[in-house]
Participant: 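Handing you a structure now.
The figures here come from the full heavy-atom set of this structure, side chains too, leaving out hydrogens, waters and symmetry mates. In the text below, chain A, chain B and the rest are named by the order of the sequence lines, each starting its count at 1.
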Protein chains: 2
Amino acid sequence: MAEIRTPATTIERLPLYYRCVQKLDSKGVDVISSKELGAMIEIPSTQVRKDLSYYGEFGRRGVGYEVKNLVKNLRRILGLDESWDLLLVGAGNLGQALVNYGGFKRLGLNINYALDIDQDKIGNNLGAAEIHQLDQLEEIIAANNINIAILAVPDENAQQVADRLVAAGVEAIWNFVPIRLDVPEDIEVRNEDLAIGLISLTYYLSN
Amino acid sequence: MAEIRTPATTIERLPLYYRCVQKLDSKGVDVISSKELGAMIEIPSTQVRKDLSYYGEFGRRGVGYEVKNLVKNLRRILGLDESWDLLLVGAGNLGQALVNYGGFKRLGLNINYALDIDQDKIGNNLGAAEIHQLDQLEEIIAANNINIAILAVPDENAQQVADRLVAAGVEAIWNFVPIRLDVPEDIEVRNEDLAIGLISLTYYLSN
DNA sequence: TAGATTGTTAATCGATTAACAATC
DNA sequence: TAGATTGTTAATCGATTAACAATC
């Protein structure tokens with residue numbers, strides 16, 4: 001059967017490749033070798049070739065990879081051909097920062113819906129989204145076919161909100177709350193734990 | 001010589017252990033087994049024991065780990081015994097969110113200094129920090145012995161600011177700009193690339 | 001043809017996990 | 001003593017890298 005699973009580490013690198021080839025394309029570069037692409041993100045050329053090989057044969061021997069072709073294929077592989085609507089739950093500082101982060105829109109990712117419990121915020125605009133009552137969570141998800149939610153609420157509410165998101169049909173949660181969410185295993189959760197990054201720096205500086 | 005390096009993956013888990021034992025301690029739990037601790041972050045007990053073993057013998061056979069002792073040791077290992085002053089460069093949405101993130105203060109990490117180029121922001125308070133002119137970067141780092149900087153500026157300024165940070169004596173950069181910084185290798189850089197997390201979700205949903 | 005570069009196999013490296021003696 | 005749990009060695013698993021035939 002020889003089931004060949006793509007390593008998780010490969011998947012993490014795909015967005016980096018994608019960003020590189022996008023930049024190369026915008027600079028008018030036509031062809032790039034695995035060696036040059038690897039140099040851009042400081043990994044060996046073998047790694048680049050191996051990673052891409054999980055998805056097909058995109059290069060030409062003796063020549064390299066056609067940039068436009070790689071852009072197109074990586075877009076498809078990453079699911080960025082589709083247009084995704086995202087629901088932000090928790091329009092605090094972090095939520096606002098994410099909406100304004102900008103990098104997302106050009107990827108076809110739109111934070112179009114936002115929820116909060118703060119009455120003062122309801123009705124305000126946040127980027128392309130209007131802030132609605134948290135109560136409307138189920139309604140908004142159902143009406144707009146939302147499948148990805150961004151969780152940026154206080155720790156103590158996180159699990160409860162996650163439960164509601166799952167029940168309402170969300171398939172993936174981008175979780176900024178430093179808590180292990182308990183969700184069914186078919187729900188994709190990506191934990192974005194900011195403290196880890198900073199603590200790892202203090203670790204290295206004192207060791 | 002048998003040089004035993006701690007795996008990078010172990011170091012990433014240390015902050016998770018630390019957070020768990022802190023929580024357990026605040027709940028009044030005295031002793032925890034590697035099995036229970038592992039269950040809290042969904043990893044096997046062997047992993048917990050192996051990870052901790054890189055730093056010493058903190059448990060008692062047949063009993064488990066004394067929570068307070070683990071808190072104390074992990075604090076020390078992670079360098080959180082020292083009090084760190086952090087300089088935020090770029091007081092935009094993301095920078096503001098980080099300052100207000102809260103989780104840092106109780107770790108002994110203080111974002112006490114902030115810089116921006118926007119004249120309207122200069123002089124304003126941002127959490128515990130006052131926002132200063134970007135011009136004062138070198139001066140502030142030198143006067144306050146800053147060794148960790150948070151980089152949250154626009155892409156096009158990132159490398160230039162990083163160069164100034166390094167020249168001014170900063171030892172570590174927590175980089176939120178989706179760009180590979182070119183710095184001397186004795187400088188610790190932690191790249192926090194938000195787009196990766198989100199794109200990996202679209203990847204999994206469409207595959 | 002000579003030089004460059006891919007795609008892939010096999011070797012290596014590193015991290016996780018199973019197993020178990022030591023010990024409470 | 002019997003049951004529990006650590007710390008560590010050895011086995012396994014998975015990811016990276018070296019090597020090279022295929023090919024432009």
Side-chain angles (χ1 to χ4, degrees), chain A residues 1-17 20-21 24 29-74 77 196 200 203, chain B residues 1-17 20-21 24 29-74 77 196 200 203:
Chain A
M1 276 293 132
E3 181 73 24
I4 331 126
R5 284 223 320 111
T6 309
T9 43
T10 291
I11 296 163
E12 301 266 298
R13 281 187 295 267
L14 296 178
L16 302 179
Y17 297 140
C20 283
V21 293
L24 289 165
V29 177
D30 285 330
V31 173
I32 185 96
S33 70
S34 58
K35 197 173 161 197
E36 293 166 300
L37 190 49
M40 290 177 76
I41 56 178
E42 289 161 8
I43 59 170
S45 63
T46 350
Q47 183 97 76
V48 175
R49 296 201 297 281
K50 171 117 268 202
D51 283 345
L52 295 174
S53 77
Y54 289 106
Y55 303 97
E57 303 192 1
F58 305 119
R60 285 216 300 163
R61 288 160 198 242
V63 179
Y65 298 87
E66 200 210 320
V67 172
K68 278 194 194 309
N69 184 43
L70 220 42
V71 170
K72 201 186 65 190
N73 278 289
L74 283 168
I77 293 164
I196 291 180
S200 78
Y203 172 89
Chain B
M1 276 293 132
E3 181 72 27
I4 331 126
R5 284 224 319 111
T6 308
T9 42
T10 291
I11 295 164
E12 302 266 298
R13 282 187 295 266
L14 295 178
L16 302 180
Y17 297 141
C20 283
V21 292
L24 289 165
V29 177
D30 285 329
V31 172
I32 186 96
S33 70
S34 58
K35 198 173 161 195
E36 293 166 301
L37 190 49
M40 290 177 75
I41 57 177
E42 289 161 7
I43 59 171
S45 63
T46 350
Q47 182 97 76
V48 175
R49 295 202 298 281
K50 171 115 267 203
D51 284 344
L52 294 174
S53 77
Y54 289 105
Y55 302 98
E57 302 191 2
F58 304 120
R60 285 215 299 162
R61 288 161 197 243
V63 179
Y65 298 87
E66 200 211 320
V67 172
K68 279 194 195 307
N69 184 43
L70 219 43
V71 171
K72 202 185 65 189
N73 277 289
L74 283 168
I77 293 164
I196 292 179
S200 77
Y203 172 88

Participant: Taking only side-chain N and O atoms of B:Arg13, does any of them lie within less than 4.0 angstrom of OP1 or OP2 on C:dT16?
Facilitator: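 For C:dT16, OP1/OP2 do have a side-chain N/O of B:Arg13 under 4.0 Å.
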Participant: Taking C-beta and beyond as the side chain, do B:Val67 and B:Val21 meet within less than 4.5 Å on heavy atoms?
Facilitator: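 Yes, their side chains come closer than 4.5 Å.
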Participant: Can you list the steps and then say if A:Leu16 with A:Ile43 is a side-chain contact (heavy atoms from CB on, under 4.5 Å)?
Facilitator: CA-CA 11 Å; A:Leu16 302 179; A:Ile43 59 170; over 6 Å; no
Participant: Rounded to whole Å, please give me the gap between CZ in A:Arg61 and C1' in C:dA2.
Facilitator: 18 Å
Participant: Considering just the side-chain nitrogens and oxygens of A:Thr9, establish if one lies under 4.0 Å of OP1 or OP2 belonging to D:dT16.
Facilitator: yes
Participant: Nearest-nucleotide wise, let me know which of A:Thr10 and A:Val63 is further upstream toward the 5' end of DNA chain D.
Facilitator: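 Whichever sits nearer the 5' end wins; that is A:Thr10.
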Participant: Quick one: B:Tyr54 OH to C:dA15 P, roughly how many Å, whole number?
Facilitator: 7 Å
Participant: Taking Watson-Crick (N1-N3 plus N6-O4 or O6-N4) and G-U wobble (N1-O2, O6-N3), each under 3.5 Å, can you produce the dot-bracket string of DNA chain C? Use [ ] for crossing pairs and | for inter-strand ones.
Facilitator: ..||||||||||||||||||||||
Participant: Which is it for B:Phe58 and B:Leu74 under the side-chain contact (heavy atoms from CB on, under 4.5 Å) test, yes or no, and what are the steps along the way?
Facilitator: CA-CA 10 Å; B:Phe58 304 120; B:Leu74 283 168; over 6 Å; no
Participant: For B:Asp51, which of B:Thr9, B:Thr10, B:Thr46 qualifies under side-chain hydrogen bond (donor to acceptor under 3.5 Å, both in side chains)?
Facilitator: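 That would be B:Thr10; it is the only one of B:Thr9, B:Thr10, B:Thr46 passing the side-chain hydrogen bond (donor to acceptor under 3.5 Å, both in side chains) with B:Asp51.
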Participant: Can A:Tyr65 and A:Leu37 be said to form a side-chain contact (heavy atoms from CB on, under 4.5 Å), step by step?
Facilitator: CA-CA 10 Å; A:Tyr65 298 87; A:Leu37 190 49; 5.7 Å; no
Participant: Scan residues 31-48 of chain B against DNA chain C and write down, sorted by residue number, each residue with any heavy atom closer than 4.0 Å; if none is found, say none.
Facilitator: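 Close to the strand are B:Pro44, B:Thr46, B:Gln47.
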Participant: Quick one: is D:dG7 close enough that its OP1 or OP2 comes under 4.0 Å of any side-chain N or O from B:Arg49?
Facilitator: no
Participant: So, the side chain of A:Gln47 versus the backbone of A:Pro44: is there a donor-acceptor pair under 3.5 Å, distance only?
Facilitator: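 Judged by distance alone, no pair lies under 3.5 Å.
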Participant: Roughly how many Å is it from CG in B:Asp51 to P in D:dT8, rounded to a whole number?
Facilitator: 14 Å
Participant: Rounding to an integer number of Å, can you tell me how far A:Glu12 CD sits from D:dG14 C1'?
Facilitator: 15 Å
Participant: Using OP1 and OP2 only, check whether a side-chain N or O of A:Tyr65 sits under 4.0 Å from C:dG7.
Facilitator: yes
Participant: What is the distance, rounded to the nearest whole Å, between atom CD of A:Glu66 and atom C1' of C:dT6?
Facilitator: 15 Å
Participant: Could you state the atom-to-atom distance from NZ of A:Lys50 to P of D:dA15 in whole Å?
Facilitator: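 The answer, rounded to whole Å, is 11 Å.
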Participant: To the nearest angstrom, how far is B:Arg60 atom CZ from C:dC24 atom P?
Facilitator: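 Distance, rounded to whole Å: 7 Å.
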Participant: Give a yes or no on this: more than 12 heavy atoms of other residues, nucleotides or ligands lie within 6.0 Å of atom CZ of A:Arg60.
Facilitator: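 At most 12 heavy atoms, drawn from other residues, nucleotides or ligands, come within 6.0 Å of this atom.
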Participant: Check the pair B:Ile77 / B:Tyr17 against side-chain contact (heavy atoms from CB on, under 4.5 Å), numbers first and verdict last.
Facilitator: CA-CA 12 Å; B:Ile77 293 164; B:Tyr17 297 141; over 6 Å; no
Participant: Taking atom types as modelled, is there a side-chain donor on A:Arg49 or A:Ser53 under 3.5 Å from an acceptor on the other?
Facilitator: no
Participant: Between D:dT6 atom P and B:Leu52 atom CG, what is the distance in whole Å?
Facilitator: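 Rounded to the whole Å, the gap is 10 Å.
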